[in-house]
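Note sheet for the following structure.
Note on naming: letters A, B, ... go to the chains in the order of the sequence lines (proteins, then strands), and numbering restarts at 1 for each one.
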Number of protein chains: 2
Amino acid sequence: MTQKLIPDIVIGRLPVYLRALTRMLSQGRQVTSSQELGERLGISAAQIRKDLSQFGEFGKQGTGYDIEFLTKKIQEILKVNRVWDVAVIGAGDVGHALANYGGFHQRGFRVTQIYDNDPEKIGTDFNNIRVMDIQEMKKSIKKAGIKVAMLTVPAEVAQDTVNDLVEAGIEAILNYAPVNLNVPQNVRVQYIDPAVHLQNMTYYLD
Amino acid sequence: MTQKLIPDIVIGRLPVYLRALTRMLSQGRQVTSSQELGERLGISAAQIRKDLSQFGEFGKQGTGYDIEFLTKKIQEILKVNRVWDVAVIGAGDVGHALANYGGFHQRGFRVTQIYDNDPEKIGTDFNNIRVMDIQEMKKSIKKAGIKVAMLTVPAEVAQDTVNDLVEAGIEAILNYAPVNLNVPQNVRVQYIDPAVHLQNMTYYLD
DNA sequence: TAGATTGTTAATCGATTAACAATC
DNA sequence: TAGATTGTTAATCGATTAACAATC
């Protein structure tokens, strides 16, 4: 029925492979190997080959991988060989940084909507995008058919906002609010919380 | 010799437990169970008990866990029952958002230094912290004994900057630059790249 | 041909879950 | 006491690695 053939953890490594390959390409490189890639990323060569083999045969024995070809293939697999419109919810510092971020458009994303509830912010422009009233969010996201959102609202209102996003048809949420979110099974959430990431490392410090 | 008793993946979940517990505490809750916590976080109750049991016995049969007590214990384990000074490298939008972020100080961190190479920015204040010349970085971080840095410089200079940070004594790096970093074994890196996180989810969209 | 590297299989390793005695 | 929930063991499940035939 549903596929679920490919482990989540494999999908999670593909963007990292893609990033490294794109970088090599921009440095004029044409061919690489699982060994080289693995060394750069701190991953075993066997794992890289195994991961890629889930999706097809992209390399040549004796030679390795054509970087441009493999890049294209991974982009197809991840469905970033197109551009996804993204809504930013919350026009604070983080929302502002995301609206201005230059790294999205080469990587399959474009911020097209920004929402806030602050009258002072509504109507102002962030990187040429008009900040809209969060009251409009549900209707407007639905109308635009947007599937991807980045959530930068305060923790207290995050879950309510997510409920609206889900009703609006959002299926992928990058959550900057420092709370766990409950969503239906068909909706994906990724978490970014700098304090959580830092706390991951302090354990190892003295 | 070296401990390495506790799996990395367990350490990685503790900050998430801590965040949920802190939230419950702020809501006036006093006691919870592995089952309740698991439901909130989408993790099995067994896993939560197993994770915690790595560090001691923090619960009571029949009752569950005292939230305040467990919070304190996890803070101790993660070494965030103190305040870590953090240096922000790069005073762009992301550096700015991090300098202003209010979520750090209750969670064990305080931004005390910001660096940039842009003469226009050097000497200005971000949230009452004077932006310093990146030329001073190595000397000044070493002098202050700072162990934790957040890196928000462009990809092209990230590795060089990291090399300096390592020489300065930094042992934990939260990397916002969209590249993999090579560091010695004693240095930890966590990666935040919104495009990578988004690409993790697009695979599952149509 | 000789050398290199893939894709894949089988073996190993590690993480998660189920189950339950202990006990609050 | 009865009910609930822990901490822990053993079983299951899944991911990583080693090894090598295939082949460029």
ask   = Got a sec? Which of residues 62-78 of chain B come in under 4.0 Å of DNA chain C, heavy atoms?
value = B:G62
inquiry  = Strictly by salt bridge (charged side-chain N to carboxylate O under 4.0 Å, His left out), give each pair with a member in residues 151-171 of chain A just once, sequence neighbours left out.
reply    = A:K138-A:D164, A:K138-A:E167
N/O donor to acceptor pairs below 3.5 angstrom from side-chain atoms of residues 38-50 of chain B, sequence neighbours left out:
unit_1 : atom_1 : unit_2 : atom_2 : d
B:S44  : OG     : B:Q47  : N      : 3.1
B:Q47  : OE1    : B:R13  : NH1    : 3.4
B:R49  : NH1    : B:S34  : OG     : 3.0

inquiry  = So, using side-chain contact (heavy atoms from CB on, under 4.5 Å) as the criterion, who are the partners of A:D118 when residues are at least two apart?
reply    = A:D116, A:E120, A:K121
remark   = Residues passing the side-chain hydrogen bond (donor to acceptor under 3.5 Å, both in side chains) test with B:R23, sequence neighbours excluded, are none
Where at least one partner belongs to residues 86-100 of chain A, residue pairs that pass side-chain hydrogen bond (donor to acceptor under 3.5 Å, both in side chains), sequence neighbours excluded = A:D93-B:N100, A:H96-A:N100, A:N100-B:D93
Protein N or O to nucleotides 19-21 of chain C N or O, pairs below 3.5 Å:
unit_1 : atom_1 : unit_2 : atom_2 : d
C:dA19 : N6     : B:R49  : NH2    : 3.2

task = Give me the residues of residues 9-37 of chain B where at least one heavy atom lies under 4.0 Å from an atom of DNA chain C, by number, or none.
result = B:I9, B:R13
inquiry  = Test of understanding: with side-chain contact (heavy atoms from CB on, under 4.5 Å), list the residues that count as partners of B:T63, not counting sequence neighbours.
reply    = B:V31, B:K60
note = Residues passing the side-chain hydrogen bond (donor to acceptor under 3.5 Å, both in side chains) test with A:H197, sequence neighbours excluded, are none
key: For DNA chain C, the dot-bracket pattern of Watson-Crick and G-U pairs whose distances stay under 3.5 Å, | for other-strand partners   = ..||||||||||||||||||||||
inquiry  = Any side-chain to backbone donor/acceptor pair from B:K79 onto A:D206? Under 3.5 Å, distance only.
reply    = no
task = Could you tell me which residues satisfy ring pair (Phe, Tyr, Trp, His ring centres under 6.0 Å) with A:Y17, sequence neighbours excluded, listed by chain and number?
result = none
key: Step-by-step salt bridge (Lys or Arg N to Asp or Glu O under 4.0 Å) determination, A:K72 to A:E76   = CA-CA 6 Å; A:K72 285 233 174 77; A:E76 284 171 22; over 6 Å; no
